[in-house]
K.L.:
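Structure incoming, see below.
Chain A is the first sequence line, chain B the second, and so forth, proteins listed ahead of strands; every chain is numbered from 1. Nothing here was measured: the structure is a model prediction, and the numbers come from that model.
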Protein chains: 2
Amino acid sequence: MQYEKYHELKRHIAVDCVIFGYEQEQLKLLVFKRAIEPAKGKWSLIGGWVKEEESAEDAARRVLVNLTGLQDVFMEQVQTFSKPDRDPGGNVVTVSFYALVKVEKYSNQLIHEFGAQWINISELPQLIFDHDEMVARALEKLRLKSRYDLIGRQLLPEKFTITSLRNLYNEIFQKQFDPGNFRKKVLSLKVLERQEEKDMSESRKGAFYYKFNDIEEEGFNDPIFKRSF
Amino acid sequence: MQYEKYHELKRHIAVDCVIFGYEQEQLKLLVFKRAIEPAKGKWSLIGGWVKEEESAEDAARRVLVNLTGLQDVFMEQVQTFSKPDRDPGGNVVTVSFYALVKVEKYSNQLIHEFGAQWINISELPQLIFDHDEMVARALEKLRLKSRYDLIGRQLLPEKFTITSLRNLYNEIFQKQFDPGNFRKKVLSLKVLERQEEKDMSESRKGAFYYKFNDIEEEGFNDPIFKRSF
DNA sequence: ACAAAAGTGTTAGCCGTACACCCATGT
DNA sequence: ACATGGGTGTACGGCTAACACTTTTGT
């Protein structure tokens with residue numbers, strides 16, 4: 001498990017996690033300043049070794065739980081990277097995952113402990129090895145999912161406004177959705193429930209909070225958003 | 001490389017290939033009758049070990065070249081399977097790929113040599129281990145690709161009729177596309193070139209052959225087929 | 001009264017679907 | 001002439017996109 005040693009061994013299997021969060025109307029990624037060699041001080045994703053008695057999915061979940069304490073985080077496999085020379089420290093095959101977490105639930109203490117930081121998706125520094133490509137592929141996958149599912153359940157707080165949800169989609173697709181049309185579209189999907197309470201912080205009139213309802217976690221057959229972005 | 005031995009060792013990395021082909025207006029999969037234990041006589045996908053000095057992509061390509069002699073086959077990573085007990089013969093992490101090949105180019109001799117057989121996608125026997133799931137996931141990925149790309153370049157012969165192409169889509173989505181609408185749709189994409197020659201075998205009138213043109217291999221931004229199937 | 005965001009309504013145009021209809025030709 | 005698949009035309013309906021318009025309320 002010690003990084004300094006692994007180059008002596010033959011080939012290892014690891015996971016890396018592309019962790020998305022949504023905070024202050026921005027889509028962010030949790031990145032880490034490496035405390036150890038190689039590439040000490042450089043930015044990277046968080047990862048870990050896959051133990052012999054677990055699957056890559058188990059390992060990724062373990063890494064995430066260890067980092068955040070959160071048990072039921074949405075997570076999906078993205079791609080496996082296996083070029084023998086992709087990690088200068090040794091021959092490492094890495095299965096990458098992306099995760100969607102509610103930033104609010106994070107303990108800031110944990111984050112500092114790991115040298116982690118939430119960074120806006122459009123202001124990312126260069127990451128080590130092929131981690132940039134992992135992020136790019138994860139973002140592609142997130143966009144694809146967002147097109148067929150109404151995501152937000154895993155990223156937004158329990159209660160949120162339609163405007164917040166729209167902003168999330170604006171961030172994901174780097175595009176301004178029309179407020180009126182977006183509202184009608186998502187409400188027509190019948191997965192949101194309006195609450196009594198209003199958010200008064202953003203306007204005089206106030207905006208109703210919504211919650212995701214419990215039924216039908218599964219995606220729709222048709223794309224929600226059919227046009228190119 | 002010997003299967004009988006690998007259970008003694010700790011953990012291996014392998015690839016498996018979901019090889020799609022199109023023959024006699026049917027979407028088929030190349031499956032193999034295992035000649036060795038475990039699961040001798042059962043059907044499976046073709047696979048191979050990933051050598052220490054190569055990537056999973058390299059390994060998959062090597063397996064395919066070895067099997068077919070074809071160099072430039074379309075191939076894409078699907079998913080990695082890593083449950084420690086997924087292969088009763090040992091702890092094997094497998095990266096699965098799908099490939100699209102022109103059946104016509106295959107040497108039948110090679111196929112028999114490997115105990116292989118083209119089987120219609122809807123008549124597949126049960127496959128060993130988690131190979132059924134690999135096929136299911138590969139098919140999902142193929143469907144997704146077919147929705148955004150006009151697929152067929154890699155599956156159809158050089159010259160083909162619109163009806164053949166439509167049949168391919170019928171097979172992929174298990175749905176009957178409307179002949180007229182399908183024709184207009186694919187021709188509007190401007191990626192097909194009509195040939196002088198006609199195929200006279202299917203109708204009195206004859207159907208023009210088409211070829212894919214050379215420009216723009218990349219996909220479209222919008223889904224070609226937007227509705228559910 | 002005004003501003004500013006929330007929310008509703010309206011319209012035009014595009015596109016998918018269904019289906020009618022013509023075409024070419026071997027028997 | 002007719003049957004058959006190839007190929008074209010048309011009309012309806014649904015949906016998207018653009019944007020005008022109304023609502024609410026603190027200042």
K.L.:
In this structure, how many angstroms lie between the C1' atom of D:dG26 and the CE atom of A:Met200, rounded?
P.N.:
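To the nearest whole Å, that distance equals 9 Å.
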K.L.:
Would you kindly give the CD-to-C1' distance between A:Gln176 and D:dC19, to the nearest whole Å?
P.N.:
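It works out to 16 Å between those atoms.
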K.L.:
Count the heavy atoms of every other residue, nucleotide or ligand shown that sit under 6.0 Å from NZ of B:Lys83, and state whether that count exceeds 12.
P.N.:
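No - once you tally the heavy atoms of other residues, nucleotides and ligands closer than 6.0 Å, there are 12 at most.
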K.L.:
Please report, rounded to the nearest Å, how far the P atom of C:dG16 is from the CZ atom of B:Arg147.
P.N.:
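Answer to the nearest Å: 12 Å.
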K.L.:
Given side-chain hydrogen bond (donor to acceptor under 3.5 Å, both in side chains), test A:Asn167 with A:Ser164 step by step and report yes or no.
P.N.:
CA-CA 5 Å; A:Asn167 262 312; A:Ser164 270; 5.8 Å; no
K.L.:
What does nucleotides 2-12 of chain D look like as a protein-contact string, B for base, S for sugar-phosphate only, - for none, at under 4.0 angstrom between heavy atoms?
P.N.:
--BBBSBBB--
K.L.:
Could you state the CG-C1' distance from A:Asp222 to C:dC15, rounded to the nearest angstrom?
P.N.:
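Rounded to the whole Å, the gap is 14 Å.
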K.L.:
Can you check the A:Asp199 CG to D:dT25 C1' distance for me, whole Å?
P.N.:
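The answer, rounded to whole Å, is 14 Å.
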K.L.:
What is the distance, to the nearest angstrom, from the CG atom on A:Asn170 to the C1' atom on C:dA5?
P.N.:
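Between C1' of C:dA5 and CG of A:Asn170: 15 Å.
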K.L.:
Can you name the salt bridge (Lys or Arg N to Asp or Glu O under 4.0 Å) partners of A:Arg194, sequence neighbours left out?
P.N.:
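Applying salt bridge (Lys or Arg N to Asp or Glu O under 4.0 Å) to A:Arg194 gives none.
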K.L.:
Is it true that B:Glu23 and B:Lys28 have a side-chain N and a carboxylate O under 4.0 angstrom from each other?
P.N.:
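Counted as a salt bridge, because a side-chain N and a carboxylate O are separated by less than 4.0 Å.
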K.L.:
Can you find a pair of side-chain heavy atoms, one from B:Cys17 and one from B:Met75, that are under 4.5 Å apart?
P.N.:
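They are in side-chain contact.
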K.L.:
Please verify the inter-ring angle class for A:Tyr169 with A:Phe173; under 30° counts as parallel, over 60° as perpendicular, anything in between as tilted.
P.N.:
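Correct class here is parallel.
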